[in-house]
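Structure record follows, encoded as structure tokens.
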Amino acid sequence: MSSQNLFDEPGLKQITVWGRGVYENKEARDVVVSLTEAAALEGKYVQAWENYVDLPDRIYVPVRAYGKIGTQEIESRYVYENEAPDIVVLTEETLVKGVDILSGIKPGAVLVVNTRRSPEYLFGFIKKNTENLSKIVTVDANSLSKSIITLSGAEGATDASGIGKGIGAVLAAAVVKGTEIVKFDNLLQIVANKDAAKKAYEQSIVVDVDTIPKASV
């Protein structure tokens with residue numbers, strides 16, 4: 001497969017999660033790990049990793065975690081950035097400002113945001129690459145759980161703090177609500193904070209971008 005076609009793999013879905021430094025790096029990692037582990041239960045091919053270029057040990061600097069879920073063996077497994085994500089997740093809402101969060105998204109992409117604000121309000125701050133965005137999903141993750149700050153799990157080590165113990169479980173549930181990328185029951189088998197995940201699945205708001213009034217844009 002040529003480099004130009006790496007992201008045309010049939011059945012491949014790419015997930016990019018944006019967070020801020022050590023304060024949210026674990027939560028970003030937990031989103032991709034919990035979703036890919038749930039997909040593995042369904043017999044799918046998966047990858048989950050962090051972007052070391054982002055220097056996750058820095059405070060408040062935007063960092064990313066990546067996941068890939070495929071129905072076939074992942075041919076682009078040695079490409080370590082998701083240049084064409086299907087799903088973008090923000091661990092906190094201010095990332096809609098000044099960060100090109102939707103760069104390269106595929107047609108039909110879905111944006112999931114930890115926020116108390118409405119999808120319509122947030123959409124007004126996104127200035128670039130919205131033409132391929134199909135849905136915005138919002139959930140107030142901070143009201144359902146708390147962020148876990150730890151360096152456990154960095155550099156490929158086992159995460160002793162538990163997968164999906166904090167807001168990562170909430171955001172992963174919101175992803176499932178908006179995309180059905182995995183079965184929710186399988187996600188619940190992976191995340192530690194099952195109660196928060198259940199509440200998030202019920203409370204997540206899913207809005208089609210096409211229905212957002214032009215005045216909100």
Side-chain angles (χ1 to χ4, degrees), residues 1 3-20 24-25 27-40 44-54 56 61-115 119 122-123 125-139 141 168 171-182 187 204 206-209:
M1 175 175 291
S3 60
Q4 292 182 337
N5 295 322
L6 278 175
F7 302 104
D8 294 333
E9 297 177 58
L12 178 66
K13 298 294 183 181
Q14 300 179 67
I15 306 162
T16 296
V17 184
W18 289 86
R20 288 198 183 273
E24 296 165 358
N25 188 54
E27 303 301 346
R29 182 172 68 241
D30 278 6
V31 174
V32 293
V33 170
S34 60
L35 290 170
T36 54
E37 288 295 316
K44 296 175 182 176
Y45 297 88
V46 301
Q47 279 185 293
W49 72 100
E50 300 168 54
N51 189 335
Y52 295 105
V53 176
D54 292 332
V61 174
V63 298
R64 287 164 289 181
Y66 298 123
K68 290 179 182 177
I69 297 174
T71 56
Q72 302 178 26
E73 187 172 353
I74 300 171
E75 296 186 42
S76 59
R77 59 188 176 276
Y78 299 119
V79 178
Y80 295 119
E81 289 191 24
N82 284 344
E83 296 184 6
D86 302 272
I87 300 167
V88 176
V89 183
L90 309 184
T91 61
E92 61 91 16
E93 63 184 8
T94 67
L95 286 159
V96 299
K97 294 182 175 182
V99 180
D100 193 6
I101 55 171
L102 301 182
S103 178
I105 59 170
K106 293 178 185 174
V110 176
L111 174 65
V112 179
V113 187
N114 171 18
T115 183
L122 291 178
F123 188 68
F125 291 96
I126 304 173
K127 305 302 181 184
K128 298 174 64 176
N129 303 309
T130 60
E131 59 274 7
N132 286 339
L133 185 65
S134 67
K135 297 178 183 178
I136 299 179
V137 183
T138 59
V139 63
L171 292 169
V175 170
V176 176
K177 177 71 171 289
T179 67
E180 299 182 342
I181 192 168
V182 296
L187 180 69
S204 294
V206 183
V207 170
D208 291 332
V209 170

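Only this structure's heavy atoms are used, side chains among them; waters, hydrogens and symmetry mates stay out.
- Formation of a donor-acceptor pair under 3.5 Å by the Q47 side chain with backbone atoms of R77 is found in this model.
- Note that the CZ atom of R20 and the CD atom of E27 stand 15.5 Å from one another [nearest 0.5 Å].
- Residues L35 and V176 meet the side-chain proximity criterion, which asks for heavy atoms closer than 4.5 Å.
- Side-chain atoms of P85 and K106, non-hydrogen and from C-beta on, never get closer than 4.5 Å to each other.
- Residues passing the salt bridge (Lys or Arg N to Asp or Glu O under 4.0 Å) test with K177: none are found, sequence neighbours excluded.
- Looking at heavy atoms from C-beta onward, D86 lies out of side-chain contact with T179 at the 4.5 angstrom threshold.
- Judged as a salt bridge (Lys or Arg N to Asp or Glu O under 4.0 Å), and not counting sequence neighbours, the contacts of D100 are K128.
- Residues A174 and V139 come closest through the heavy atom pair CB-CG1, 3.8 Å.
- The two atoms that bring V182 and A38 nearest to each other are CG2-CB, 4.0 Å, heavy atoms only.
- Rounded to the nearest 0.5 angstrom, L171 CG and N114 CG are separated by 5.5 Å.
- Looking at every heavy atom in both residues, P62 comes nearest to V99 through CG-CG2, 4.2 Å.
- Residues K13 and I87 have side chains not in contact (no heavy-atom distance under 4.5 Å, counting atoms from C-beta outward).
- In terms of heavy-atom proximity, W18 sits nearest to V88 at CD1-CG1, 3.9 Å.
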Residues 130-138 side chain polar contacts: donor-acceptor under 3.5 Å, at least two apart:
residue: N132; atom: ND2; partner: I105; partner atom: O; Å: 3.0
residue: S134; atom: OG; partner: G108; partner atom: O; Å: 2.9
residue: S134; atom: OG; partner: A109; partner atom: O; Å: 3.0

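- Looking only at side-chain heavy atoms (C-beta outward), V63 and N51 stay at 4.5 Å or farther from each other.
- For T91, the side-chain hydrogen bond (donor to acceptor under 3.5 Å, both in side chains) partners at least two apart in sequence or on another chain are E24.
- Put simply, the side chain of E50 never gets that close to the backbone of A65: no donor and acceptor are under 3.5 Å apart.
- In this pair, W49 and Y66 present their aromatic rings tilted. The plane angle is within the 30 to 60° band.
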Please walk me through it: do T115 and V96 pass side-chain contact (heavy atoms from CB on, under 4.5 Å)? CA-CA 11 Å; T115 183; V96 299; over 6 Å; no
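- Put simply, CG on L12 and CD on E73 are 12.0 Å apart, with the number rounded to the nearest 0.5 Å.
- The shortest distance between side-chain heavy atoms of L111 and I126 falls below 4.5 Å.
- Remark: E37 engages V33, I190 in a side chain to side chain contact (heavy atoms under 4.5 Å, CB included) (not counting sequence neighbours).
- Scanning both residues, T36 and A48, for their nearest heavy atoms gives OG1-CB, 3.6 Å.
- The side chain to side chain contact (heavy atoms under 4.5 Å, CB included) test applied to Q72 returns P10, not counting sequence neighbours.
- Side-chain atoms of N82 come within 3.5 Å of backbone N or O of G67 as a donor-acceptor pair.
- Looking only at distances, a side-chain donor or acceptor of E9 sits under 3.5 Å from a matching main-chain atom of S76.
- For the atom pair CD1 of I74 and CD of Q14, the computed distance is 9.0 Å after rounding to the nearest 0.5 Å.
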